[in-house]
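Inspection log for the structure reproduced underneath, given as structure tokens.
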Number of protein chains: 2
Amino acid sequence: MTSYIEPLAQESTPSIIADKLRKAIGHGELKPGTQLGEADLARKLGVSRGPLREGMQRLTQEGLLVAIRNRGLFVVDMTADDVQDMYLAREAIERAAARKIMLGDHKAAGEQLLAIVHDMAAAEGDPAAVGEIDIAFHERLVELAGSPRLSRMHRTYITETRMCIHALEETYTTSEVRVGEHQRLAEAILNGDGLHADDLLVAHMDDAIARLTSR
Amino acid sequence: MTSYIEPLAQESTPSIIADKLRKAIGHGELKPGTQLGEADLARKLGVSRGPLREGMQRLTQEGLLVAIRNRGLFVVDMTADDVQDMYLAREAIERAAARKIMLGDHKAAGEQLLAIVHDMAAAEGDPAAVGEIDIAFHERLVELAGSPRLSRMHRTYITETRMCIHALEETYTTSEVRVGEHQRLAEAILNGDGLHADDLLVAHMDDAIARLTSR
DNA sequence: CGGGTTAGCATTGTCGACAATCTACCTATT
DNA sequence: AATAGGTAGATTGTCGACAATGCTAACCCG
């Protein structure tokens, strides 16, 4: 379907590095508190320290890394307050996304989201898979709003969410409940019921906070 | 009031550079579409290209600069769609901020905001001053929510807002209307009327979009 | 034995130089 | 005259080396 002739956007090296590090952080390969030694990392990635530092600056800007002058960069260690704040931010973004979807083709959007819920139900029993699909659901939700800014902000918090999930995988509740929550949300969007969707989203986020911070 | 003994946070050079560029972009010193030549800028700022590039990476991440490989970095030229998207993002953030303020000490917050409105009324007649105070109002609103993430995201969009204001300063409507809008919002927050504040905020943003994109 | 000082080490911060790439202009050919 | 090709200039991308800073630990002195 896609044409063979397209702009062929060559990504810049810092951009690739930033993506790699984001993935590594999200997947628990770089644990919170870890120091990222520049010389070491540069060797492993096969680049020089210049581009590497540029890539890391981006993650610092996103709040995934914290810089201490003349000490180095460290993976953030999230406190309970951070988790709460992160979900506050996600809630803000996803509510806005849902609101915008309502103004557009909410039926098509609802169908796409229901398809993801379907996958989630199929994956039940495999907590890791359900977690990934859960994230995919929210990513798609924001993507469907068609807002570059909402998407860009959301990407950051998705990484932070992954961090949390990996940090306490066993605590993560079994999936029956979550499939239901997502399904109701997708249906509300499909039906164009904006107020209901909004309420569900808020409740969903509160649930998540409770799950992650209670312990 | 502040103690003489404080953490004395020495900001890193890239951080200072990023701030300087942000200000320059916001205040119209760097017009949309301008190319930022590295060698030239480095000379002007008195630093080498390394730290400069790191600072610019941050602005690229924020969306204030766009990078074209092997061509350089340019100040974004905002389209009407961009303006709309920016206000969508700001609306999402500020609504969340207002909502969180309601859960805390909304009286104190309302009073602080009313003080700013008072300043705005006093500055009536000077469009530039009113514009700055307008921005200060929204900055404070988000700051009062006490959310690091909301504040960080908001800072980016404040710069974009400044860009727009500077780009079309004369088009900016006279201030009577805006003072009223802000005052009602501050009062709603003072009174703890969350729903009303939310409605006012949405209307206020829609107004702003209309002002900036109509033309 | 404890506190303070100092030397050494490791890591980050900064810089200058070289290589790769793109744009613009000029020339030659059809 | 118009277009294809080539060349020169400038700019970015990348790298390696040096300087500055902070931590660690051994050592000395009270």
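Predicted, not measured: the structure shown is a model, and the values here were computed from it. By convention in this document, chain letters (A, B, ...) are assigned in the order of the sequence lines, proteins followed by strands, and residues within each chain are numbered from 1.
For B/Arg53, counting side-chain heavy atoms from C-beta on, the closest listed nucleotide (C/dT12, C/dC15, D/dT14) is D/dT14. Checked against D/dT12, C/dC15, C/dT12, the side chain of B/Arg49 finds its nearest nucleotide in D/dT12. In this structure, the nucleotide among D/dC15, C/dT14, C/dT12 sitting nearest to the side chain of B/Pro14 is C/dT14. Side chain of B/Val47, nearest nucleotide from C/dC15, D/dG13, D/dC15: C/dC15.
Taking the six-membered ring for Trp and thresholds of 30 and 60 degrees, B/His182 and B/His204 have ring planes more than 60 degrees apart, a perpendicular arrangement.
Of the candidates B/Arg53, B/Arg43, B/Lys44, B/Arg53 is the only one forming a salt bridge (Lys or Arg N to Asp or Glu O under 4.0 Å) with B/Glu38.
Neither side chain, A/Gln57 nor B/Gln57, offers a donor N or O lying under 3.5 Å from an acceptor on the other. Using a 3.5 Å distance cut-off with no hydrogens or angles, the side chains of A/Glu94 and A/His138 do pair a donor with an acceptor.
In this structure the side chain of B/Arg99 never reaches within 4.5 angstrom of the side chain of B/Asp198, judged on heavy atoms.
If you measure from atom CD of B/Gln35 to atom C1' of C/dT23, you get 11 Å, rounded to the nearest angstrom. The distance between atom CD1 of B/Ile68 and atom P of C/dT21, rounded to the nearest whole Å, is 17 Å. Across the protein-nucleic acid pair, A/Leu41 atom CG and C/dT12 atom P stand 9 Å apart, rounded to whole Å. To the nearest angstrom, P of C/dA17 lies 17 Å from CD of B/Glu38. Taking atom CG on B/Leu73 and atom C1' on C/dC22, their separation rounds to 15 Å, with Å as the unit. The CG atom of B/Leu36 sits 13 Å away from the P atom of D/dT11 (whole-angstrom rounding). Rounded to whole Å, atom P of C/dT12 lies 7 Å from atom CE of A/Met56. Going from atom CZ of B/Phe74 over to atom P of D/dT12 covers 8 Å, rounded to whole Å.
Nucleic acid contact for B/Glu54: none, since no nucleic acid atom lies under 4.0 Å from a heavy atom of the residue. Note on A/Gly50: nothing from the nucleic acid sits closer than 4.0 angstrom, heavy atoms only.
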Collect all protein-nucleotide pairs involving nucleotides 20-23 of chain D in which both atoms are nitrogen or oxygen and the distance is under 3.5 Å.
| residue | atom | partner | partner atom | Å |
| --- | --- | --- | --- | --- |
| D/dT21 | O3' | A/Asn70 | ND2 | 3.2 |
| D/dC23 | OP1 | A/Arg71 | NH1 | 3.3 |

- Go through the steps to decide whether A/Lys100 and A/Leu144 satisfy the test side-chain contact (heavy atoms from CB on, under 4.5 Å), and finish with yes or no. CA-CA 9 Å; A/Lys100 193 177 174 207; A/Leu144 285 166; over 6 Å; no
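Other residues, nucleotides and ligands contribute over 12 non-hydrogen atoms within 6.0 Å of the CZ atom of B/Arg69.
Between A/Ser12 and the phosphate of D/dG13, there is no side-chain N or O to OP1/OP2 separation shorter than 4.0 Å.
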